[in-house]
Amino acid sequence: MNRLPALLAALALLLAGCADARSGTLGPAPRAAAPGTATAPVTAPTASPGTPTGVPGPTATRSTAPVTPPRTGTPSPAGTGSVTVQLWFTRAGVVVPTRRTRPTTVATSRLALTELAAGPTSAEAAAGLATLVPAGVEMVRIAEGTATVAPPPSFADTDARTLRLRRAQVVWTLTQFPTVRRVAFAGSGVVLARTDLADLLAPIVVTEPAIGQRVAGPVTVAGTADVYEATVSIRILDGAGRVVGTGFTTATCGSGCRGDYRGGVAYRLATAGPGTVEVYEVSPRDGSRTHVVVVPVLLAATT
């Protein structure tokens with residue numbers, strides 16, 4: 001009977017321990033999903049109809065503007081057995097980009113030089129594009145960020161302005177590849193990077209859409225620009241020249257510096273057919289459209 005108090009005390013301790021076990025803890029903090037693990041997507045807020053695209057929100061910050069349009073990087077496959085490269089042609093004394101899709105090759109830099117010499121397509125020529133690069137520019141090597149090319153003797157047989165544009169076509173085209181930062185022209189001692197030729201860009205450069213591309217709404221329009229208050233205006237016209245869509249976006253820099261821009265513009269069109277994407281600056285003086293870039297495209301019908 002003397003042990004009864006001790007037994008009662010032990011029983012009370014045991015019951016207390018069970019209660020603690022039932023309450024448990026919150027456990028370890030959730031860990032990020034391992035690579036390849038499916039997670040719920042994060043959905044960005046949807047802009048209300050008519051909201052300008054590309055305008056930074058209240059908490060958005062502008063990135064430091066690039067001096068020149070960004071590199072496109074390694075050409076991405078456009079389909080099985082094909083590769084897309086960016087080419088820079090001339091128009092009205094400046095260099096402008098377009099694209100080519102060709103069968104896959106390991107020598108994409110040689111492919112790009114061959115396409116430069118071949119010149120624009122009929123649609124691109126109708127839009128004013130031309131090439132100054134002659135056939136015979138050979139790729140020698142790529143080492144330590146420098147692509148060395150060997151141009152034919154006739155390459156330099158021209159006036160200074162034409163020669164500079166000719167070199168700019170080669171430099172802008174080859175520096176799209178991540179292994180190339182500059183181009184050396186063998187036999188001349190000339191080594192050039194994009195920053196050396198930035199003055200040969202128009203105030204507005206359109207990298208997307210490309211001339212002749214089939215597009216559907218909303219049409220993605222992208223490139224670089226140095227325009228008033230960084231505002232890039234866009235309108236879409238049908239084959240009869242009627243405006244079927246308008247919008248604007250903002251570049252990451254403007255009014256004295258070049259920045260990237262990207263925006264989507266919706267349009268209404270009952271029947272598919274040819275159309276035009278116009279990208280321009282609105283003049284702060286009189287509201288007129290200036291620095292207009294016209295991109296002929298094929299518009300899909302909207303529903």
Side-chain angles (χ1 to χ4, degrees), residues 67-78 82-202 205-207 210-212 224:
V67 176
T68 59
R71 300 161 190 260
T72 60
T74 304
S76 57
S82 63
V83 64
T84 298
V85 293
Q86 190 179 75
L87 303 175
W88 288 77
F89 290 124
T90 65
R91 179 169 58 193
V94 297
V95 288
V96 294
T98 188
R99 294 197 297 268
R100 284 288 184 284
T101 299
R102 294 290 183 263
T104 299
T105 174
V106 294
T108 50
S109 56
R110 289 187 175 88
L111 168 66
L113 290 174
T114 299
E115 292 296 326
L116 277 185
T121 63
S122 57
E124 291 165 347
L129 273 62
T131 187
L132 299 173
V133 177
V137 179
E138 298 290 340
M139 175 61 66
V140 178
R141 63 180 176 276
I142 298 176
E144 298 180 350
T146 300
T148 301
V149 298
S154 61
F155 191 88
D157 293 342
T158 186
D159 61 272
R161 174 70 177 179
T162 300
L163 177 58
R164 195 158 183 266
L165 281 168
R166 184 173 286 173
R167 285 171 172 163
Q169 282 190 250
V170 175
V171 171
W172 281 95
T173 297
L174 291 183
T175 51
Q176 75 183 282
F177 305 112
T179 55
V180 180
R181 297 190 299 275
R182 66 193 74 86
V183 177
F185 294 85
S188 67
V190 174
V191 182
L192 296 170
R194 285 189 168 192
T195 51
D196 300 315
L197 302 160
D199 61 299
L200 293 179
L201 296 176
V205 173
V206 180
T207 56
I211 293 172
T224 68

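Only a predicted model underlies this, so the values are computations on that prediction, with no experimental measurement involved. All residue numbers refer to positions in the sequence shown, counting from 1.
- At least one donor-acceptor pair closer than 3.5 Å links the side chain of R161 to the backbone N or O of G93.
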(request) Tell me, with the steps shown, if L163 and F155 meet side chain to side chain contact (heavy atoms under 4.5 Å, CB included). (result) CA-CA 8 Å; L163 177 58; F155 191 88; 3.9 Å; yes
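- For the pair W88/V170, no side-chain contact is recorded, criterion being any heavy-atom separation below 4.5 Å from C-beta on.
- In this structure, T101 contributes its side chain and T84 its backbone to no donor-acceptor pair below 3.5 Å.
- Side-chain contact between Q86 and W172 is absent, with no heavy atoms from C-beta onward closer than 4.5 Å.
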(request) Before giving the answer on side chain to side chain contact (heavy atoms under 4.5 Å, CB included), spell out for V96 and V205 the whole-Å C-alpha distance, their side-chain angles and the decisive distance to 0.1 Å. (result) CA-CA 7 Å; V96 294; V205 173; over 6 Å; no
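- Looking at T173 and L87, their side chains come closer than 4.5 Å, going by heavy atoms from C-beta outward.
- A distance of 9.5 Å separates CG in L174 from OG1 in T108, rounded to the nearest 0.5 Å.
- Between atom OG1 of residue T195 and atom CZ of residue R181 there is a gap of 11.5 Å, rounded to the nearest 0.5 Å.
- A side-chain contact (heavy atoms from CB on, under 4.5 Å) with T90 holds for exactly one of L132, L200, L129, T131; it is L132.
- Side-chain contact check for V94 versus L201: every heavy-atom pair is 4.5 Å or farther apart.
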(message) Applying side chain to side chain contact (heavy atoms under 4.5 Å, CB included) to I142 and F177, what does each step give before you reach the verdict?
(response) CA-CA 11 Å; I142 298 176; F177 305 112; 6.0 Å; no
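- Of all the heavy atoms in A150 and A186, the pair that sits closest is CA-CB, 4.2 Å.
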Could you list the donor-acceptor pairs under 3.5 angstrom formed by side chains in residues 112-127, with sequence neighbours left out?
from	atom 1	to	atom 2	distance (Å)
T114	OG1	R110	O	3.0
E115	OE1	R102	NH2	3.4
E115	OE2	R102	NE	3.1
T121	OG1	E124	N	3.2
T121	OG1	E124	OE1	3.4
E124	OE1	R100	NH1	3.2
E124	OE1	R100	NH2	2.8
E124	OE1	T121	N	2.8
E124	OE2	T98	OG1	2.7
E124	OE2	R100	NH1	2.8

(request) Test side chain to side chain contact (heavy atoms under 4.5 Å, CB included) on V83 and L111 and set out the steps. (result) CA-CA 10 Å; V83 64; L111 168 66; 4.0 Å; yes
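- No donor-acceptor contact under 3.5 angstrom links the side chains of D157 and S154, judged on distance only.
- In this structure, the side chain of Q169 does not engage the main chain of R166 through any donor-acceptor pair within 3.5 Å.
- The pair D199-R164 meets the salt-bridge criterion, since a charged nitrogen lies less than 4.0 angstrom from a carboxylate oxygen.
- V171 approaches A193 most closely through the heavy-atom pair CG1-C, 3.9 Å.
- Put simply, the side chain of L197 does not reach to within 4.5 Å of the side chain of V95, judged on heavy atoms.
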